[in-house]
Structure formats: C-alpha cells, structure tokens
Peer 1: 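Dumping the structure here so I can ask a few things about it.
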Amino acid sequence: MPASAVARTMILLVAMTGCAGPESLFPADVDGWKPAATEESFTAETLHQYIDGAAEVYLALGVVGARAGRYAREGHPEIIADVFDMGTSAGAFGAFHHDVRNGKAAGIGIESDQDGGALAFWKGRHFVSVIAVGEGPGVPEAVAALGRRIASALPDGGGPPAIAARLPEPGLDRARLHFVTNHALLNRHFFVADTDLFGFAPGVEGIVAAYRADGPGDAGSGAEPYRLLLVSYPGAAGSDAAAAALSRFRAAFLAEAGPDGALRLENGRWTAARAIGPLLAVALDAPSRETAVAALDAVQARAR
C-alpha cells in the first residue's frame, strides 16, 4: 500500500474513534442485542461498496469514512448501526437533513429523529443511523439505547453551518430543510435548472427550506408550501460572486421582473431573488408576490 494511502487510513482510524479505541464506539451488549458480525469500516473511496447509489450524497457533503455494526438477539430483528464521519459538523448537519425528518426528537446528539425502529442523529462531525430490520417488543427502546451509547462515545464539537442561522423562523418547516454543497444535491431537493446557475464550488454553501404559506408575508392562506434558497459565497470576492449568480438567475427566470425582483412564472407561482452582500436569497414558488418579497426582506433583516 502506498505511504499516502497508509497515512489516510491512520488518520481515518484516529478520527473515527476519537482517540478512544475502536471498541468504545459499538457497545458489547444493548438490551440483549449483541454484535452479530465483525465491525466494517469504509473510506470515502470505498463507501460505494456499502451504500451503492447513495454514496454520492455523502461524498458531496465531505464524508471521510464510515463504520458499520450489526446487532442480533434471538427471536428479535437485527439492528444495524452506521456511523459516518462527515469531516465537519456542517457535513454531519447536511447528512442528517438530507432526508425529511417527520419523526420525534429522541434527545440524542445535537438533533435527532426517531420513528419506531429507525433513529438518526448527528453530533459534532458525525452522522449516525440506527435501524431495526423489523418490528417487535422492545425494538424502538433498544434502537434508542444503542444510539445513546454510540453518541456518548463520539466527540463533541461544532454546530450547524452558519448559513442555517440566516433562515427566517416564521413559517419554517424544519422537517424539510436541506444543506447543499453542489448543483446536483440542490436539484435532488428542489429542481431549479439543468445548469448550475449558482456557481457552486469549494467553499460555496447553500440551504433550501420549505416554508408554510403562513410564513413571511402570508397569513394563513392555506396555499402550498414554497421554498427559500440561500447560497453563501466565501472570501473577499463573495459579494461579487453573489451578484454574478443573481445576474445568471435573473437572466434565466426573472428577465421581466419588476423593481422588487419578483415575477409570476408559468406555473402561477411567484419567484424572487436578491443578493445581500455575499449571500444570494431566492424565494421559489411562493403563493404571492407579497410572500416572495417578504421572505427576502426577512433574510435581509437577519443580516443586519
């Protein structure tokens, strides 16, 4: 094995164990469930061998590696625990929020979501999934107990990406909030265009969230939810990058928009866009002009 590959493997093992030893991550017994197989480890390069078809999402969010453990108890369903080292807390946040989170908070890690025998949470730079392959008495409790044991072995550190704090609170549907780092990931959650109008590149971060129609600028109309997209551009040239992205988006969709930047599109919904320093804000498919513009106003107010 080349020296560089050995070095990457050693760094991965230290990062994944938090310098506490590999046996400290997966407990030897949880409510009668015991390890059923040897723990598996994967690097970013080999992750597709474990989750072929889904690895691209984790790779886009910066995954470093993953560890997988299987637990068995006679007469009960198997429990599978996956621990992903996402490299940063922003990546862990993004992995957790890739899926819609309609379960109940389990009080594990920074954020958690449990629906019966399926638990997901993130803590520090790690995203964790614990899933029972079936149902039965005591299964949800065992899944939660395993999650808590894993969480206690993971290091703290880091919180949500800064861009998440730029989202206005009124009307925000936190179950449908997604952190994105490239064009393909954005289109998975809300298709905007075939081409990358926003100039995603290393250091460029985005977040797209669903808003109820009683959010900024619309008081309980009962209309379908709309989306608010924020894209943040780093460095001294961030404001120029945001302005350039706004120009591309306007040329593609808002060429006939008025002074407020809003336009009713062919689907009858309203879209508006605005550059706010190094941040681009786009209201997508809002039920009214007022809602779209008010959403951008709310983002701008949080920047002050």
Peer 1: Distance from Thr291 atom OG1 to Trp270 atom CH2, nearest 0.5 Å?
Peer 2: 11.0 Å
Peer 1: How close do Pro27 and Arg149 get, counting heavy atoms only, and between which atoms?
Peer 2: CB-NH2, 3.0 Å
Peer 1: Start with the C-alpha distance between Val57 and Leu185, add both sets of side-chain angles, then the distance that settles side-chain contact (heavy atoms from CB on, under 4.5 Å), and finish with yes or no.
Peer 2: CA-CA 7 Å; Val57 170; Leu185 202 53; 4.2 Å; yes
Peer 1: With a 3.5 Å distance limit and no angle check, can you tell me whether Asn187 reaches the backbone of Ala193 through a side-chain donor-acceptor pair?
Peer 2: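 Side chain of Asn187 to backbone of Ala193: a pair is present.
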Peer 1: Please report the interatomic distance NE2(His97) to CD1(Ile207), rounded to the nearest 0.5 Å.
Peer 2: 7.5 Å
Peer 1: Would you call the rings of Phe200 and Phe198 parallel, tilted or perpendicular, taking 30° and 60° as the class edges?
Peer 2: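 Perpendicular.
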Peer 1: Is Asp297 salt-bridged to Arg274, going by a charged N under 4.0 Å from an acidic O?
Peer 2: yes
Peer 1: So, does Asp115 use its side chain to make a donor-acceptor pair with the main chain of Ala118 at under 3.5 Å?
Peer 2: no
Peer 1: Is Arg174 atom CZ crowded by more than 12 heavy atoms from other residues, nucleotides or ligands, each under 6.0 Å away?
Peer 2: no
Peer 1: With side-chain contact (heavy atoms from CB on, under 4.5 Å) as the test, pick out the partner of Leu186 among Asp196, Val192, Thr181.
Peer 2: Val192
Peer 1: Look at the aromatic rings of Phe42 and Tyr50 and report parallel, tilted or perpendicular, splitting at 30° and 60°.
Peer 2: parallel
Peer 1: Counting N and O atoms only, with roles assigned by atom type, does the side chain of Asp156 sit under 3.5 Å from a partner on the main chain of Lys123, one being a donor and the other an acceptor?
Peer 2: no
Peer 1: Atom NE2 of His98 and atom OH of Tyr58: how far apart are they, to the nearest 0.5 Å?
Peer 2: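 Going from NE2 on His98 over to OH on Tyr58, the span is 7.5 Å.
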Peer 1: Would you check if His126 and Pro155 make a side-chain contact, meaning some heavy-atom pair closer than 4.5 Å?
Peer 2: yes
Peer 1: Between Arg166 and Val299, is there a donor-acceptor pair closer than 3.5 Å when you use the side chain of the first and the backbone of the second?
Peer 2: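 No; judged by distance alone, with no hydrogens or angles, the pair does not exist.
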Peer 1: Kindly give the heavy-atom pair with the smallest separation between Ala164 and Phe93, and that separation in Å.
Peer 2: CB-CZ, 4.1 Å
Peer 1: In Å, rounded to the nearest 0.5 Å, how long is the span from CD of Glu74 to NZ of Lys34?
Peer 2: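 Answer for the CD-NZ pair, Glu74 versus Lys34, is 12.5 Å.
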Peer 1: Take atom CD of Gln49 as the centre, draw a 6.0 Å sphere, and report whether it contains more than 12 heavy atoms from other residues, nucleotides or ligands.
Peer 2: yes
Peer 1: Looking at every heavy atom in both Gln114 and Ala106, which two are closest together, and how far apart are they?
Peer 2: OE1-CB, 3.9 Å
Peer 1: For the side chain of Thr46 and the backbone of Thr43, is there at least one donor-acceptor N/O pair under 3.5 Å apart?
Peer 2: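 Such a contact is found between Thr46 side chain and Thr43 backbone.
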Peer 1: For the atom pair CD (Glu169) and OH (Tyr211), what is the distance rounded to the nearest 0.5 Å?
Peer 2: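 Nearest 0.5 Å value for the CD-OH distance: 7.0 Å.
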Peer 1: Please work out whether the ring planes of His178 and His189 are parallel, tilted or perpendicular, with thresholds of 30° and 60°.
Peer 2: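 Parallel, since the angle between the ring planes stays under 30°.
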Peer 1: Would Phe190 and Leu284 count as a side-chain contact (heavy atoms from CB on, under 4.5 Å) if you check the C-alpha gap in whole Å, the side-chain angles of each, and the deciding distance to 0.1 Å?
Peer 2: CA-CA 9 Å; Phe190 190 92; Leu284 297 157; 3.8 Å; yes
Peer 1: Between Arg176 and Arg227, is there a donor-acceptor pair closer than 3.5 Å when you use the side chain of the first and the backbone of the second?
Peer 2: no
Peer 1: Can you see which heavy atom on Ala245 is nearest to which on Tyr233, and at what distance?
Peer 2: CB-OH, 3.2 Å
Peer 1: Within the side chain of Arg264, is there an N or O that forms a donor-acceptor pair under 3.5 Å with the backbone of Gly268?
Peer 2: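 Flag set: sc Arg264 to bb Gly268 pair under 3.5 Å.
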Peer 1: Assess whether atom CD of Glu78 is packed by more than 12 heavy atoms of other residues, nucleotides or ligands within 6.0 Å.
Peer 2: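 Enclosed: over 12 neighbouring heavy atoms sit under 6.0 Å from CD of Glu78.
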Peer 1: Drop me the distance from Leu228's CG to Asp285's CG, to the nearest 0.5 angstrom.
Peer 2: 12.5 Å
Peer 1: List the steps, then state whether side-chain contact (heavy atoms from CB on, under 4.5 Å) holds for Phe249 with Val231.
Peer 2: CA-CA 12 Å; Phe249 186 80; Val231 184; over 6 Å; no
Peer 1: Looking at every non-hydrogen atom in both residues, tell me the closest pair between Leu230 and Ala281 and how far apart they are.
Peer 2: CD2-CB, 3.6 Å
Peer 1: Quick one, Val128 and Leu154 - any side-chain contact, counting heavy atoms below 4.5 Å?
Peer 2: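 When only atoms from C-beta onward are counted, Leu154 and Val128 do touch, with a gap below 4.5 Å.
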Peer 1: Minimum heavy-atom separation for Phe127 and Ala120, please, with both atom names.
Peer 2: CE1-CB, 4.0 Å
Peer 1: Quick one: are Ile79 and Val30 in side-chain contact, heavy atoms under 4.5 Å?
Peer 2: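 Ile79 vs Val30: side chains apart.
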